[in-house]
Engineer: 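I am attaching a structure below and will ask some questions about it afterwards.
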Amino acid sequence: MRNKDRLAVLGAGHVGPVIARLAIAAGYPVAIATSGDPDDIALITELVIPGARPRWAGDAIADADIVVLAIPLHRFAELDPGRLAGKIVVDAMNYWPASDGVLTAFEDGGASSRGSSEIVARRLAGSAVVKALNHIGYHELEDRARPAGAPDRRAAGLAGDDPAAVAAVAELTSRLGYDPVRLGGLRAGRVLQPGGPVFGQVLTLPEFERAVHEEARSLR
Ligand SMILES: NC(=O)c1ccc[n+]([C@@H]2O[C@H](COP(=O)([O-])OP(=O)(O)OC[C@H]3O[C@@H](n4cnc5c(N)ncnc54)[C@H](OP(=O)(O)O)[C@@H]3O)[C@@H](O)[C@H]2O)c1
């Protein structure tokens, strides 16, 4: 157990607070940040994410072992890769042109030919990027979370190129309330994206494995 992992959740919109709440319930120390002054989210954090510490993003990242990117992809370019170097980075973001607008970097070569997390990882070359927590809507992510062994526990997929980081994020996924499904390298994480077979689905482990099996294998 990596009990000492400290989390920084970047993003206090829809999904960031859910991830933060589940992580606090699981015993992780959690800092949460937006792009702005932590004082601006202090009261709301106290009310809706009790136990989370609002911080400046840079400070939250500096003290974290795992940084969760729960910000819109069109804001990703604001992040300084240098600050994230050496960290495990959970990419919970999705490329959604309807709300992100068309992002040339993520269209490069065709969205279908390269996964968004592969493009994120290329920019965050000093970080161990793991795609995870992106494919379940925030309401369901909170409502369907169950402890390990619960008969109605659901699955959540993850993918990454760094085995130690994948192990840490698999443990995080499990402690948050989902059976972690390790799909392979970041490339295999394309099945978790919008348009993929599990995006927006909250499936049991066998259902999940059936849904991704063939596609993930061909992307390994
Ligand atoms: N909504 C869901 O159900 C869901 C589920 C899984 C994954 N996702 C993915 O998660 C991402 C976020 O979705 P969302 O619906 O939570 O977005 P959202 O409600 O728009 O919230 C975005 C949050 O990110 C913060 N933010 C923006 N730029 C930032 C930066 N540079 N540094 C730190 N914080 C920053 C925003 O605060 P400021 O603007 O004040 O900085 C805001 O708190 C998207 O890529 C989405 O596809 C969403």
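Throughout, numbering of the chain's residues begins at 1 and tracks the sequence. Both ligands and their constituent atoms are indexed starting at 1 by order of listing. Note that these values count all heavy atoms, side chains included, but never hydrogens, waters or copies made by symmetry.
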Engineer: Does a salt bridge link R122 with E118, judged by any charged N lying under 4.0 Å from a carboxylate O?
Structural biologist: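 Looking at E118 together with R122, the answer is no, because their closest N to O distance does not fall below 4.0 Å.
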
Engineer: Do R75 and E78 meet the salt-bridge criterion of a basic N to acidic O distance under 4.0 Å?
Structural biologist: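 So E78 pairs with R75 through a salt bridge.
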
Engineer: Looking at CZ of R187 and CZ of R114, how far apart are the two atoms once the value is rounded to the nearest 0.5 Å?
Structural biologist: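 That separation rounds to 10.5 Å.
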
Engineer: Once the angle between the rings of F76 and F106 is folded into 0 to 90°, is it parallel (under 30°), tilted (30 to 60°) or perpendicular (over 60°)?
Structural biologist: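 Plane angle over 60°, so perpendicular.
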
Engineer: Nearest 0.5 Å, please: how far is CG in L69 from CG in L84?
Structural biologist: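 Answer rounded to 0.5 Å: 6.5 Å.
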
Engineer: Quick one: do I136 and W96 end up in the same hydrophobic cluster if we chain Ile, Leu, Val, Met, Phe, Trp and Tyr together by side-chain heavy atoms under 4.5 Å apart?
Structural biologist: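 Different clusters: I136 never reaches W96 through Ile, Leu, Val, Met, Phe, Trp or Tyr contacts under 4.5 Å.
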
Engineer: If you count only heavy atoms, which residues are under 4.0 Å from ligand 1?
Structural biologist: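 Ligand 1 pocket, heavy atoms under 4.0 Å: G11, A12, G13, H14, V15, A33, T34, S35, A70, I71, P72, L73, R75, E78, L79, A92, M93, N94, L133, N134, I136, G137, Y138.
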
